[in-house]
Amino acid sequence: MANIQIVVDASVPDYLMLMKQIHTGASVAVVGQIKESPGKGQRVEIHAETLKVLGTADPATYPLQKKGHSFEFLREKAHLRPRTNTFGAIARVRNALCAAIHDFFQAREFLYVQTPIITTSDCEGAGQVFQVTTLDLARLQQSKAALDYSHDFFGKKAGLTVSGQLEGEIFATAVGDVYTFGPTFRAENSNTTRHLAEFWMVEPEMPFYELDDNMDLAESFVRTIVKDVLNTCEADLAFFNERIEPELLKSLANIVEHDFIRLTYTEAVSILEKSGHSFEFPIAWGSDLQSEHERYLTEQHFRQPVILTDYPRAIKSFYMRSNEDGKTVRAMDVLVPRIGEIIGGSQREERHAVLIDRMRDCNLNPDDYWWYLELRQYGTVPHSGFGLGLERTVQLVTGMTNIRDCIPFPRTPKSADF
RNA sequence: UCCCCGAUAGCUCAAUAGGUAGAGCGAGCGGCUGUUAACCGCUAGGUCCUAGGUUCGAGCCCUAGUCGGGGAGCCA
């Protein structure tokens with residue numbers, strides 16, 4: 001329940017005293033009757049018979065007012081902002097999204113697999129890792145000896161996971177379709193409206209899936225969870241449409257009702273070159289698309305979600321399957337208006353020898369990936385997967401512009417309070 | 001990490017050309033009221049982010065720093 005109005009008649013016991021104690025932020029216990037409300041925007045209200053103040057909130061010091069606050073201010077009050085209507089609505093939408101995500105995969109008999117949060121794996125690769133240690137850093141700072149991780153808690157260097165993909169592949173090549181859904185950590189010094197140091201990621205991994213199957217699943221996934229939330233959070237989405245983003249419902253309907261546009265990186269480059277649009281960064285085959293290019297495609301050219309595939313091999317990860325052209329890999333990114341990349345995925349390289357070659361090309365040591373390579377050495381199978389950022393999806397569905405407002409307790413560079 | 005912008009009352013902001021600060025909202029008091037981001041009147045409320053510097057004099061100019069915001073990169 002988002003809120004309800006209590007009507008207190010002056011005949012309620014201790015009326016005057018109670019009214020002096022009740023201000024914005026106070027908590028009360030009410031006994032009364034639910035009645036049809038003559039007011040606008042609500043069906044019912046409670047007519048109080050007795051009223052008790054459980055906790056007062058001194059209006060001289062209580063930080064929240066009845067009127068709107070800036071999101072910047074509210075971020076400094078992360079312990080109180082869930083009490084505001086906007087953050088209550090975000091919490092409900094986030095909850096509904098999580099339920100929809102599990103529903104989607106459970107309905108398709110995907111196994112929910114918990115991959116580790118602490119990892120000693122050297123093959124993380126996806127970004128800067130937060131180190132996990134019990135070593136006494138203050139003491140070590142004074143000694144000049146090189147760090148010896150054999151004395152550390154795990155006996156080797158450990159960190160927080162940047163992705164559950166590689167472990168997901170272990171289960172996908174064993175038990176069938178799986179997904180992971182949990183916190184992910186990136187120690188990147190990213191200061192943007194769509195990056196967090198701690199965020200939640202959904203990562204399905206499917207044996208026998210090739211890139212087209214992967215895209216079909218990703219598209220169906222996004223459209224289904226958006227549709228679910230449209231159904232379960234109707235009132236909250238109407239609120240966001242009214243207060244936050246006037247085009248919200250229209251853009252969500254657009255996602256649910258239309259097929260995503262699919263095109264290759266090479267086709268995208270061609271469209272951008274022919275667009276006549278002047279970009280800050282030049283377009284050239286081989287270099288990664290800039291934000292402005294992705295935004296042009298999804299917000300101006302197609303005005304719809306777009307799935308880009310088959311990126312140049314040189315700009316993508318070692319584990320993505322090489323195409324026969326020798327230049328591109330079976331990668332896919334799902335781009336949506338307002339947010340940009342919401343999903344990144346690929347068909348994985350399942351050929352043992354090719355994978356080793358790719359590692360060497362990327363200056364990686366195959367020995368560090370021994371168990372990942374064994375998945376190819378023994379009973380290898382074509383497989384694919386992708387990762388969806390939960391907070392970016394909350395941004396998409398709520399229209400909130402800053403990702404720091406889409407997670408209860410945001411962690412960003414220089415900021416980890418509460 | 002790079003580029004740009006900002007920091008003044010509890011909040012959101014203003015302050016002419018450098019002459020030591022104002023408004024709206026909120027709060028307190030009073031009035032009014034089927035209201036829901038109500039309305040009317042009065043009152044209180046400020047270490048102008050920090051540290052230096054220039055100047056007779058700095059909220060305003062200069063230097064350094066801290067924090068916040070936007071954009072870029074990294075990506076989800």
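Numbers restart at 1 for each chain; the letters A, B, ... are given by sequence-line order, proteins then strands.
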Check your understanding: Can you say whether the rings of A/His293 and A/Phe279 are parallel (under 30°), tilted (30 to 60°) or perpendicular (over 60°)?
Key -> perpendicular
Check your understanding: What is the nucleic acid contact for A/Phe73, judged by heavy atoms within less than 4.0 Å: base, sugar-phosphate only, or nothing?
Key -> sugar-phosphate
Check your understanding: Starting at CG of A/Leu74 and ending at P of B/G68, how long is that distance when rounded to a whole Å?
Key -> 16 Å
Check your understanding: Is any NZ, NE, NH1 or NH2 atom of the basic residue among A/Lys316 and A/Asp288 found under 4.0 Å from an Asp or Glu carboxylate oxygen of the other?
Key -> no
Practice item. Give one of base, sugar-phosphate or nothing for A/Gln65, where a contact means two heavy atoms less than 4.0 Å apart. Key: base
Point to revise | Complementary nucleotide of B/A15, counting Watson-Crick and G-U pairs under 3.5 Å | key: none
Practice item. Find the distance A/Glu76:CD to B/C67:C1' and express it as a whole number of Å. Key: 9 Å
Check your understanding: Whole-Å distance between B/C75 C1' and A/Phe185 CZ?
Key -> 16 Å
Review point. Considering only the C1' atoms, how many Å lie between B/G30 and B/G34, rounded to the nearest integer?
Key: 22 Å
Check your understanding: Going 5' to 3' along nucleotides 31-38 of chain B, which nucleotides have protein heavy atoms under 4.0 Å from the base (write B), which only from the sugar-phosphate (write S), and which from neither (write -)?
Key -> ---BBBBS
Check your understanding: When the ring planes of A/Phe185 and A/Phe130 are compared, do they come out parallel, tilted or perpendicular, using 30° and 60° as the limits?
Key -> perpendicular
Check your understanding: With rounding to whole Å, what would you report as the distance between B/U54 and B/G18 at their C1' atoms?
Key -> 11 Å
Review point. Considering only the C1' atoms, how many Å lie between B/C67 and B/C61, rounded to the nearest integer?
Key: 23 Å
Check your understanding: Is the distance from OP1 or OP2 of B/G73 to the nearest side-chain N or O of A/Gln290 less than 4.0 Å?
Key -> yes
Check your understanding: Roughly, in whole Å, what's the span from CG in A/Asn191 to P in B/C4?
Key -> 16 Å
Check your understanding: How close or far is atom P of B/G73 from atom NE2 of A/His195, stated in whole angstroms?
Key -> 9 Å
Study note, to complete from the structure: When rounded to whole Å, the CD to P distance for the pair A/Glu280 and B/C3 reads 14 Å
Review point. Can a salt bridge be assigned to the pair A/Arg351 and A/Glu349 using a cut-off of 4.0 Å between side-chain N and carboxylate O?
Key: yes
Check your understanding: Heavy atoms under 4.0 Å, any strand shown: does A/Pro59 hit a base, just sugar-phosphate, or nothing?
Key -> sugar-phosphate
Review point. Which is true for A/Ser70 with a 4.0 Å heavy-atom rule: it touches a base, it touches only sugar-phosphate, or it touches nothing?
Key: sugar-phosphate
Check your understanding: Considering only the P atoms, how many Å lie between B/U8 and B/U47, rounded to the nearest integer?
Key -> 12 Å
Exercise for review: Mark yes or no: A/Arg108 above the aromatic ring of A/Phe104, with NZ or CZ under 6.0 Å from the six-membered ring centre and no more than 45 degrees from the axis.
Suggested key: yes
Exercise for review: Select base, sugar-phosphate, or nothing to describe what A/Thr192 touches, counting heavy atoms under 4.0 Å on all strands.
Suggested key: base
Review point. Any side-chain donor paired with an acceptor under 3.5 Å for A/Glu169 and A/Gln165?
Key: yes
Exercise for review: Find the distance A/Arg94:CZ to B/A76:P and express it as a whole number of Å.
Suggested key: 18 Å
Review point. Looking only at atom C1', what distance separates B/C25 and B/A37, rounded to whole Å?
Key: 10 Å
Review point. When the P atoms of B/A23 and B/A9 are considered, how many whole Å apart are they?
Key: 14 Å
Point to revise | Watson-Crick/G-U partner (both atom distances under 3.5 Å) of B/U43 | key: B/A27
Exercise for review: For B/A51 and B/C60, measure between their P atoms and round to the nearest Å.
Suggested key: 13 Å
Exercise for review: In plain terms, say whether A/Asp216 and A/Arg262 are close enough for a salt bridge, that is, a side-chain N and a carboxylate O under 4.0 Å apart.
Suggested key: yes
Exercise for review: Let me know the distance between CD of A/Gln165 and P of B/A76, rounded to the nearest Å.
Suggested key: 9 Å
Exercise for review: Could you list the residues that satisfy ring pair (Phe, Tyr, Trp, His ring centres under 6.0 Å) with A/His47, not counting sequence neighbours?
Suggested key: none
Check your understanding: Closer to the 5' end of RNA chain B via nearest nucleotide, is it A/Ser415 or A/Glu294?
Key -> A/Ser415
**Study point:** B/A14 to B/C49 separation - P atoms, rounded to the nearest Å
**Key:** 13 Å
